Structure formats: C-alpha cells, structure tokens
Amino acid sequence: MEKIQLKINGRLYSVKVNPNWTLLKVLRQILGLTGTKCGCATGDCGACKVLVNGEAVKSCTLLARKAQGKEIVTIEGLSRGGELHPVQRAFIETGAVQCGFCTPGMIIAAKALLDKNPNPSREEICEALQDNLCRCTGYVKIIEAVELAAAWLKGGTNGASGECATGGQVVGKGRPLRDAVDKVTGRTVYMADMRLPGMLYGRVLFSPVAHARIKRIDVSKAEALPGVRAVVTYKDSPRVPYNSALRFKGHDIPHDEYIFDDTVRYLGDRVAAVAADDPETAEKALRLIEVEYEELPAVFDPEEALKPEAPPVHEGGNLIKKLEAAAGDVERALDGADYVFTDRIKLPIVTHVALEPHASLAQFDAAAGKLTVWSANQNIFATRIILSEIFGLSVNKVRVIKPPVGGAFGGKLEAILEPVAALLSLKSGKPVLVEMKRRDIMVSTRTRHSAVYYLKTGVKKDGTIVGQDITAYFNTGAYASSALNVPSAMMDKAFRLYRIPNLRVTVYPVYTNCPVAGAMRGYGSPQLMAAREIHLDKVARKLGLDPVEFRRRNLVRPGDINPRFGTSLGNCRVLDCLEKGAERFGWEAKSRQPKGGRFRRGIGVAAGNHGNGTFGVHVDMTTVALKMNEDGTLTMFTGTQDLGQGSTTMMCMVVAQVLGLSPDQIEVVEADTELTPWDLGTYASRGVWVSGNAALKAAQSIRRQLIEVAASMLGVKEEDLELGGGFAYCRHSPDKKVSLQDIVVAAQLSKEGSREIRAYESFASVAGPNSYGVHFAEVEVDTETGEVKVLNYVAVHDVGRAINPLLVEGQIEGGIQMGLGYGLTEELILDKRSGKVINATLKGYKLFRAKDMPRVEVLLVEEGESPGPFGAKSIGEAATVPVAPAVVNAVADALGVEFDELPVTPQRILAKLRRTP
Amino acid sequence: MYNIQGYFEAETVKEAVDLLAANPNLVVIAGGTDVLIKMHHGQIEKAELLSIRKIKSLEGIEKLEDGTVTIGPLTTFTQVANSPVIKENIPVLAEAALSMGGPQIRNVATIGGNICNGATSADSASTLFALDARLKLQSPQGERVVPIQDFYLGPGKVDLKPAELLTGILISPENYQGYAGHYIKFSMRKAMDIATLGVAVLCKLKEGRLFEDVRIGLGVAAPTPIRCPEAEAFARGKDVSRETIAEIGKLAVKATRARTSWRASKEYREHLVEELTQRALKAAVLKAGGGEVA
C-alpha cells in the first residue's frame with residue numbers, strides 16, 4: 001500500500017492504495033463516489049468515464065497513482081451547489097435518460113466534448129460518444145441532448161425552465177423519468193452501489209467444460225485463505241430443484257435446476273461460490289478450488305440433440321415437449337395453393353447486454369429466521385417463491401427488494417444470482433453482495449433462444465396467403481428455464497399479424513449443452529418475425545409483388561378474428577402503420593432507385609407484433625395501493641419493477657390525470673415484497689396494460705372518495721364535482737371549491753366516520769390484444785467488403801395511445817438499436833468442439849454504437865385500444881420485433897440476394913454475392 | 001481487483017533492465033491499456049508490474065541527421081498521429097495511428113506496447129512492416145537492432161529475450177523518402193473495433209507511370225503481420241494500370257496464411273486482402289503523384 005493524493009471535484013483526498021488499483025476502484029470502493037459506474041472493467045463500455053484534466057477518461061483502464069496531480073471531475077462534481085449543469089439538464093429534458101447506468105459516462109463524455117468544441121456536428125458528437133455504450137436509447141435522444149446542451153451553452157442559458165403547475169392534461173404529454181435528476185447526478189444507488197455493515201463480497205466459479213460430472217471438488221485451500229468466510233458447492237446446495245423462470249406459486253414448468261449440482265451441463269454452469277472480505281480475496285479463492293471433472297459427451301445443435309444417439313443433457317432425453325398450435329386445414333390449403341414456397345432460416349444466440357452487471361445482495365438473519373435479498377430483478381414476487389421453496393422458509397420470512405435497475409430486457413427476469421447470494425449468506429452469517437463480470441454475464445445468465453425455422457407458405461397468384469406451416473427448433477440450452485413459455489408466446493403471435501386462415505406452428509424446444517436461453521425482449525416474437533418476414537419478402541419477390549403491397553394485401557384489419565381462438569384481434573392498426581410509414585419513408589420513390597456500382601442501396605420493410613400481458617396464458621394481475629397525505633400529495637405503492645423504462649413514471653401520470661394533480665406530487669414506494677402489493681412481474685409488456693390499469697382503478701377509487709367527502713363539505717351533489725389543480729370544485733361554479741388537503745384532513749378528523757383516503761385495488765387483465773409496428777430501413781452495401789451502412793430508418797407503431805410519448809419514442813429507438821444488432825452484427829459464437837463462447841466480451845460481441853446508428857424517425861398510430869388505460873397499449877417489446885427483418889430485407893434488396901442466416905455479417909454478404917452472378 | 005504482488009517503477013533504461021534481470025516475473029507496463037484488461041480477465045496471474053512510464057529517454061519522435069526517424073516506444077498513438085516529423089515524412093504512419101482504438105485509448109496506449117504485445121491485429125504493425133522498421137532492444141548484456149519482421153514470432157509472441165526492453169523504433173530514409181502510402185483498417189464496426197484486416201501499402205513511382213517499388217504490409221492476414229514478397233516483386237517496373245494492380249491484389253493473397261476464426265473466415269479474409277490491397281494501392285498511387293486508376 002502506498003499513500004497518494006488525488007484531487008477530485010476540487011477536493012484533495014489522501015488515500016492509501018495498492019499500486020495496481022485503478023482509479024475506478026479507488027473512486028467507487030475507497031471513496032464511495034459511486035456515481036461513476038462499472039459496466040465491464042475492460043474499457044469497452046464507457047460507463048466509468050471521468051474527466052482527467054478535462055479529458056473524458058475511462059477510469060477502469062487508468063491506475064489511480066497515475067491520476068495524481070491531475071484535476072479529476074466525476075459526475076458528482078458536475079452540479080455545483082445543487083444546480084444542474086446544462087448537459088445534465090439537457091439529458092433530462094430530451095428523454096436521454098432511461099435506466100441511467102450509462103448516463104454518468106455519457107454526460108462526462110459530452111461535457112469533455114463541449115468544453116473543447118462548443119459547436120459540434122452530429123458526426124463529432126458520435127465520435128465523442130464512440131466508446132460509450134447504451135442499450136436503452138439507441139443513442140437518438142442522447143445525441144439530441146448533446147445538441148441541446150450545446151445550444152444552451154452558446155446562448156448562455158442553463159436550460160432551467162419552470163415546471164408547469166398542478167393539474168391540466170398529463171396523459172399524452174412527454175415527460176422525463178421521475179428519477180432522472182438522481183440518474184444524471186450519479187445519486188441513484190444501483191445494486192453494486194449498496195453497502196451493508198459487515199458485508200462480504202461473493203464471486204461464483206463457472207464450469208470450464210461443457211458437460212461433466214464433478215468427480216472431486218476440494219475447497220480446503222480456498223477456505224484456508226485469510227479473509228474467506230464461506231465456500232459453497234453442490235455439497236452445500238439444498239437438493240431442491242427449481243425453474244428460474246417461475247412466475248407464480250404452482251407455475252407448471254420443468255424444475256431442473258439446482259443452485260449447484262454435481263453435474264455441469266454447459267461451459268459456464270455454476271460450480272461453486274465464495275464469500276470473502278473483499279472482492280480480490282474472493283476471486284483469489286475461486287482459483288484455489290480444485291475440481292476434477294469426468295467429462296461427458298456434449299451436444300450444441302438443437303437438431304443434432306434430437307437424434308437418438310445424442311447425449312442426453314438431462315434424464316429423459318433432450319426434447320422438452322413438442323408444442324403445436326393450429327387453425328384451419330393446413331395440408332388442404334397448401335395443396336390448393338397456386339404456389340408453395342419453402343425456406344430454412346437460422347437465428348443466432350444473442351444476449352441482452354444491459355449496461356448494469358448482474359448483482360444480488362442477500363442477508364440472512366439467523367435469529368429471526370429471515371432472508372432479505374436486494375437484487376436487480378424483474379420479478380421479485382416469483383423470486384421470493386423460489387427462495388422460500390429452496391430454503392424451506394415461509395413466504396413471509398423472505399423479503400425481496402428491487403433497487404433501481406440499470407436495464408434488464410428480460411435478462412434479469414429469472415432468479416440466477418439470488419439463490420447463490422442467499423446460500424452464501426446462510427453459510428457465512430453475513431450479508432453477501434454477489435457480482436458478476438461482464439464475460440460471465442454474457443455466458444452464465446440468460447440468452448435469446450437460437451432457433452432454426454422451416455417455413456412453408458402457400459399463396460394465390462395475386463399474393464393472398466392461403467396457408468402456412470412453420471416448424472421451429474428452439475435451443476433452450478442446458479436448463480429448461482422458459483423453454484415452454486417462449487415458444488408458446490411466439491406461436492400465439494403468428495396468428496395475429498396476417499390473415500392466414502390455415503396456419504400451423506410446431507415447436508421443438510430442445511436441451512443442449514449451450515448457455516441457457518430465457519426471456520429476452522420480444523420473448524419469441526423477434527425470432528418468428530425475423531424468420532417469417534424474411535421468408536415472406538422472398539415470396540413477394542418471387543411473385544413479382546412489391547413487399548409493401550404484398551403486406552397490404554395480407555395484414556390483419558381492426559376487428560379481425562383470430563383463426564385459432566375465434567376471438568377478436570381488437571383494434572389492430574398494423575395497416576395504418578404500413579401506410580403511414582411507407583409515405584414518410586418515401587417507399588415508392590426509393591423503390592425506383594437504380595442499383596449498380598460498388599455501393600448499392602436497398603430498402604426493406606417488415607411488420608411485427610407483440611402482446612400486452614399474459615391474458616389467456618395464465619394469471620395476469622397486479623395491485624396498486626394509493627394513500628392521500630394531509631397536504632394533498634399522494635403516495636403510491638406498487639410491486640411493479642421499473643427497470644429504467646419508466647413504468648412508475650407512467651403510473652404516476654395516469655393517477656395524476658385522474659386526480660388533477662401533477663405527477664411530481666406522487667411519491668412511489670416500489671417493488672418490495674414486504675411493503676408493496678403483489679405483482680406478477682415486469683415482463684410480457686404488461687406495464688401499461690396491467691399496471692397502468694391498476695393505477696387507473698386505484699386513482700378512480702381515490703377520486704370517488706375525495707368527491708364524496710368534498711360533496712358533504714361543500715353541500716353539493718357528487719356528480720357536480722370535478723377534480724383539478726389540487727381542488728375539488730363545482731363544475732358550474734368553479735369558485736365553489738375545497739382543496740384536496742382540506743378534504744384529506746377533514747376525512748381524517750371527521751367525527752362521524754374518521755377515515756383515511758386510500759385505495760388498494762387489484763386489476764386482472766380482461767383481454768390480450770397485440771401492439772403492432774411496421775419498420776422501414778434503407779441501407780448502403782459496399783459490394784467489395786460486404787459492409788452495411790444503415791442510412792435511414794422509419795418506425796411506426798400502433799400503441800393505442802401514448803401516455804408518455806417521450807418514453808414511448810425512447811423505447812422504440814432503443815428497440816431499433818437492439819434489433820439492428822440482431823439483424824447485422826450480434827451473435828454469441830460457440831466453439832463447435834468445446835462449447836465455449838469465444839466472443840464473450842463487449843469487444844467481441846458487436847453492439848451498435850452511436851456512430852453505427854442511422855437517422856431514426858418514430859411515428860405513432862394512436863387509435864385507442866379498449867380496455868387499455870386511456871386506450872394505451874404496450875411498446876417495450878414490440879419495438880424491437882420488426883427491426884432485424886426490415887434491415888435484412890433491405891440488404892437483400894440492395895444486392896438481389898437471399899439470406900437464410902442471421903446476423904447478416906459482411907462475410908455472409910460477400911459469400912452470397914460471390915455465389916450470385 | 002487485480003492480483004498483483006508488486007509494482008516497480010524504473011526511471012532509466014538501465015534500472016528497468018536490471019530489475020527485469022533480477023525478477024523474471026515482471027510484466028512491463030507502459031500505457032497499461034492492454035495489461036490491466038488482461039489482468040481483469042485473469043490472463044496474467046500473480047503479475048508483478050514494472051512501470052517504465054517515467055523513463056523520459058523512451059519518449060518522443062526525432063529525425064536524425066542521416067534522415068532516420070526514431071520513435072520512442074513510450075510515444076502514444078495520439079503523439080504519433082500529431083507529430084510534425086511523422087506527418088511530414090511518413091504520413092501513412094499517422095493514418096495508421098489514428099485508426100487505433102478510440103481517442104482515449106490513443107491518448108494512453110503506446111506504440112511500443114502495441115508492438116511488444118505481438119498481436120497480428122496491432123494497428124501500427126503492418127505499416128511498420130512496410131516501412132522495414134528496425135527495433136532497438138536493450139538488455140543488461142547490451143544492445144541489438146532487429147528488423148521488425150524478425151521480431152514477431154507468432155501470435156502474441158515476440159523476440160524479447162529475458163530482461164530485454166524495446167528502446168527505439170527506427171525508420172531509415174531509404175524506406176520512406178520518395179514513397180507515398182495508404183493504410184486501410186477494416187473492422188466490422190465503425191468505432192472502437194479490432195481490425196479484421198489491416199492493409200498498409202507504400203509505393204514509389206517512376207515518371208508517374210511505373211512502379212519503382214511497392215510494399216505491402218498486412219495485419220491479421222497471418223498469425224503475425226506480414227509482407228507480400230511475390231506481389232511486391234511482380235510490381236517492380238510494371239505500368240501503373242488497373243491490370244497490374246489487380247494482379248498485385250491477387251498475388252498479395254499468396255503471402256497470407258489467413259485462418260478461419262470467429263471474426264472472419266479464411267475465404268473472407270482472402271477476399272478482403274485482394275480488394276483492400278488494390279484499394280490502398282490506388283490511393284497510394286494518387287498520393288505519389290500518379291493518376292487515378294479506376
């Protein structure tokens with residue numbers, strides 16, 4: 001250890017450091033300046049940027065000792081005396097903040113740029129942000145924020161604007177996230193920022209082989225290392241099988257996973273874990289665990305895994321359960337078709353890459369027999385059930401709390417680290433924070449199911465689809481997880497986009513020794529749409545039909561009947577999306593552009609749909625509690641897990657609209673199994689549809705009570721009263737009014753019947769329509785190298801009604817970034833022999849960066865969907881569904897070739913080009 | 001965070017090589033951009049670090065009396081890219097330096113570190129190969145100078161003897177005077193990416209219409225950076241024409257030993273070598289005062 005001095009945010013700190021400590025470690029762990037985030041520790045994500053002598057520097061690749069004598073500014077130092085810096089304010093105002101995890105690094109990079117270049121072009125902004133990753137925003141609003149901040153700084157203003165007064169229209173007006181100020185100042189305490197007294201650091205050992213029995217495991221050396229407090233292996237693991245994707249008590253899905261097992265089933269499977277006084281000791285101890293593996297044969301391809309000679313990943317074979325959904329008579333329809341077209345399309349394993357690494361903190365209080373777990377988690381109530389079953393605790397002795405989450409996208413839906421943290425805490429008797437490295441997150445959490453699709457479509461000469469037969473092999477990896485749920489959700493979507501009276505979808509979910517597939521944004525829909533929309537473009541081309549026209553002829557219309565169930569598809573406005581988008585995109589004019597030369601342009605379109613909750617599949621319920629306070633403000637209690645997408649902001653807006661308040665007057669207690677009412681979980685795009693409706697229902701109850709008390713106070717009839725501006729007032733004589741605070745106090749102190757104005761309302765979904773989108777992409781392909789540049793992008797979405805258009809746009813823009821990766825660049829690549837993921841770093845796994853993004857335009861179709869709150873329906877997942885096929889179809893159009901495997905990398909493009917004259 | 005036993009800091013070359021001789025486990029750290037990441041990934045265990053950052057004599061770029069350009073190994077990529085000596089005499093090296101990493105990495109990462117890592121993807125290497133750069137190496141036993149081609153032994157392996165330190169990169173005037181060059185880095189993404197292929201081409205023209213000399217350095221086309229002797233030999237004395245350049249592109253492929261890796265297949269890399277060599281050469285011809293070759 002040596003003593004160094006660091007000047008940070010104008011203050012001189014004297015700290016004892018090891019010479020090898022990075023500045024990031026010193027900032028976060030020694031000085032507690034946790035506004036600076038760590039998303040990778042390998043210089044790839046930019047979340048840890050700080051200013052060093054005015055330069056934006058990634059503090060994870062800078063030794064602390066080298067920062068001596070330099071002026072260091074962290075995100076905490078940007079807002080002086082509580083006054084936000086204009087860059088911070090611009091990030092809030094433009095909606096550039098979602099999960100907030102990349103935000104400090106982004107703001108630092110933007111500040112460094114604007115200090116040197118007050119007039120940056122869009123290209124210069126992208127250049128400055130080129131090593132800052134974001135998974136939520138598609139960079140669109142971040143770039144806008146930097147432009148806005150530049151304008152403010154030039155104009156000498158700080159962008160401060162007066163907040164609008166209470167009342168007025170709230171729903172339909174764009175509004176930043178309710179916790180955006182915390183996020184731009186670095187005050188938000190994410191999981192890895194939490195500290196408890198006596199807390200230990202947990203690390204997990206992952207299997208280096210794809211399939212093996214553990215012959216011998218010796219932890220004595222690890223246990224003997226000073227500072228190590230607990231080591232756990234399969235010998236300590238309760239022999240209680242579970243499924244990490246459980247959603248509710250009694251959910252009937254395969255239970256095939258243990259915290260630790262004596263068999264490892266993929267390269268990256270959990271083997272053991274250590275809790276120690278500090279992270280370094282925990283990591284060192286992992287290396288001291290001796291494991292002898294007896295290797296077993298492994299299989300990585302889902303079709304191979306179904307062959308009789310394939311090694312079984314679990315007892316009972318690799319087919320989990322054949323799933324089938326059908327309508328009409330597919331064979332007859334295909335026999336009678338004018339043409340039948342077939343395709344085989346292969347889709348890769350991709351992964352979420354939420355910027356915040358997975359982490360869980362568990363504290364087992366032995367005296368009270370109570371387990372408390374804080375976790376970046378999308379499904380606290382289900383995680384509570386899983387933990388109570390594994391450890392044999394009654395449900396009220398398990399408490400799960402979700403702190404702010406730095407992005408999830410389905411990757412934090414399943415209980416992965418929580419049971420490990422709990423076991424370590426149980427054994428050590430101390431609170432244990434378990435964190436994962438980026439590489440392990442990419443391999444050992446969850447991925448999107450890779451799949452192979454076989455498609456057969458029968459059409460008439462005029463392009464009418466008469467029948468379709470789809471068979472898919474879904475690679476679920478080493479554990480079942482969502483192996484049944486994802487394909488089932490996917491199959492359901494197939495019946496809701498095109499008018500196909502005779503349609504069959506068959507899915508084989510298959511175990512392999514691959515990383516485990518689970519929930520990921522879109523939950524099966526991206527796979528279906530990628531395969532089917534690429535296939536249908538080929539069909540259209542073979543028929544000589546324009547892809548837009550082909551879709552125009554076949555897309556569903558509002559009120560159409562789902563041929564599988566005979567129920568209405570609701571107000572499905574996908575055709576509106578198609579027409580609106582084709583016009584804005586300039587489809588007709590662009591489709592007449594000549595093609596030739598080295599750089600070829602092409603255009604593509606794709607449609608897609610995704611659900612609103614789980615209605616019709618299983619329970620879909622949530623409860624919202626509201627309490628009026630004595631000053632007319634409100635406290636909301638919700639089990640809904642906001643992941644940075646803004647669901648609680650949306651719920652506040654709904655409540656504020658009903659009660660004539662400003663959303664700022666509502667405080668939210670969120671996602672704590674002990675303090676908030678039950679929720680099914682933040683998944684299935686159910687936030688607006690179910691939680692929004694529950695908030696509406698609770699607000700309406702509060703409204704009734706306020707009006708009831710006010711009516712007696714004012715001596716008027718209840719039906720004559722309105723709420724607005726913090727008052728209950730008479731519709732005909734607005735001067736006759738009483739403030740909400742007076743109503744609340746009067747109700748409390750009433751001699752006749754003292755009462756609290758409060759509501760506790762459950763909302764169970766009553767319908768399950770879909771949200772729709774149609775996307776248009778224009779690309780330019782370099783025929784010499786196969787490079788693709790996405791030039792223009794138009795996305796149109798049927799959202800029923802946008803409660804918060806700013807956040808709806810943000811969801812769509814972020815969905816586009818994720819989908820472009822699915823189409824063009826992203827893939828977890830497995831070594832075919834060992835099953836090792838060979839590109840499990842943010843260098844090797846290619847996310848779209850700011851520089852790679854096209855110009856994006858988002859349009860909304862707002863025709864209302866009953867019974868959504870104010871006619872609103874979901875957007876979170878639907879946003880990413882049509883992207884990959886739209887951009888792949890554009891590349892195919894540019895080159896006149898056909899693709900049958902994603903991602904469409906330069907290499908695959910050139911391979912196609914050389915085969916085509 | 002990192003499992004490091006010790007940390008040493010040398011202020012002179014002598015101090016550094018003596019420390020290296022006394023302690024063979026020492027890992028030399030300059031900018032640290034690669035070493036810290038390798039440690040995070042556990043690729044370097046029990047490392048003891050020797051920082052050479054304070055050795056002033058290893059920094060900077062100079063043009064000697066005889067025209068030799070010397071680059072200190074501690075020179076950062078930003079310094080290489082902005083150096084008036086480099087921009088004036090060997091602009092192609094400035095281009096290559098600018099293609100490396102992001103601005104922050106370039107501010108910290110050093111050219112010596114890039115070379116000593118032995119990565120075939122090193123952004124400086126293919127250009128230094130084309131320039132016939134020589135490397136000055138110092139050990140307690142003395143100094144030796146080796147051609148850069150001999151220094152790269154295999155993937156991640158370089159000819160650094162025990163207790164030896166890279167102290168200088170030398171480029172002689174006959175290797176850059178009269179030459180114009182062009183560097184193309186091809187990667188899958190526009191920003192912050194590792195090269196899928198790096199192509200550095202130098203050419204010297206006679207009367208603006210004949211190739212007096214052509215040099216082609218390739219990164220990621222083989223386990224180490226390489227030159228393309230057959231293509232270069234073919235080029236000498238030939239007309240500057242589309243046909244000649246096409247043939248050079250084809251012959252360049254012969255030198256490669258591209259492997260199929262997850263980043264790219266052998267076929268794709270070979271295709272890129274052929275295309276990008278031509279493209280780089282055409283650009284170099286233009287800079288050398290030749291005409292545009294369509």
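What you are looking at is a predicted structure, and each value in this text was computed from that prediction instead of being measured. To find a chain, count down the sequence lines: A is the first, B the second, and so on, and within it residues start at 1.
Looking at B:Leu276, only its side chain comes within 4.5 Å of chain A, counting heavy atoms on both sides. The part of B:Arg53 that comes within reach of chain A is its side chain, from C-beta onward, which places non-hydrogen atoms under 4.5 angstrom from that chain. Heavy-atom distances place the backbone of A:Cys40, and not its side chain, under 4.5 Å from chain B. In this structure, chain B has a heavy atom under 4.5 Å from the side chain of A:Asp782, while its backbone stays farther away. With a 4.5 Å cut-off on non-hydrogen atoms, A:Ala56 touches chain B through its backbone but not through its side chain. Using a 4.5 Å cut-off between heavy atoms, B:Glu9 contacts chain A through its side chain alone, with no backbone atom that close. Using a 4.5 Å cut-off between heavy atoms, A:Leu62 touches chain B through its backbone atoms (N, CA, C, O) alone. Both the backbone and the side chain of A:Ile838 come within contact range of chain B, judged by heavy atoms closer than 4.5 Å. Using a 4.5 Å cut-off between heavy atoms, A:Thr905 does not touch chain B at all. The contact between A:Arg65 and chain B is made entirely by side chain atoms (from C-beta outward), counting heavy-atom distances below 4.5 Å. Interface remark: A:Leu129 contributes no atoms to any contact with chain B (heavy atom separation under 4.5 Å).
At a threshold of 4.5 Å between non-hydrogen side-chain atoms, the residues B:Leu272 and A:Thr785 count as touching. Inter-residue side-chain proximity for A:Glu787 and B:Phe186 is flagged as met; some heavy-atom pair is nearer than 4.5 Å.
To the nearest 0.5 Å, atoms OH (B:Tyr268) and CG (A:Leu910) are separated by 5.0 Å. Residue A:Leu63 holds its CG atom at 5.0 Å from CD1 of B:Ile29, rounded to the nearest 0.5 Å.
Of the charged side-chain nitrogens involved, none lies within less than 4.0 Å of a carboxylate oxygen, so that A:Arg598 and B:Glu275 do not count as a salt-bridged pair.
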The test is side chain to side chain contact (heavy atoms under 4.5 Å, CB included); show your working for A:Val57 and B:Asn107 and say whether it passes. CA-CA 9 Å; A:Val57 167; B:Asn107 280 340; over 6 Å; no

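Heavy-atom neighbours of B:Lys287 NZ from other residues, nucleotides or ligands within 6.0 Å: above the threshold of 12. Residue A:Arg855 qualifies as open at atom CZ: its count of foreign heavy atoms under 6.0 Å is 12 or below. Around NZ of A:Lys116, the count of heavy atoms belonging to other residues, nucleotides or ligands within 6.0 Å exceeds 12. No more than 12 heavy atoms of other residues, nucleotides or ligands sit less than 6.0 Å from atom NZ of A:Lys836.
With hydrogens and angles ignored, the 3.5 Å screen pairs a side-chain donor or acceptor of B:His271 with a backbone N or O of A:Glu784.
In terms of non-hydrogen atom pairs under 4.5 Å with chain B, the most contact-rich of A:Lys66, A:Glu827, A:Glu2 is A:Lys66.
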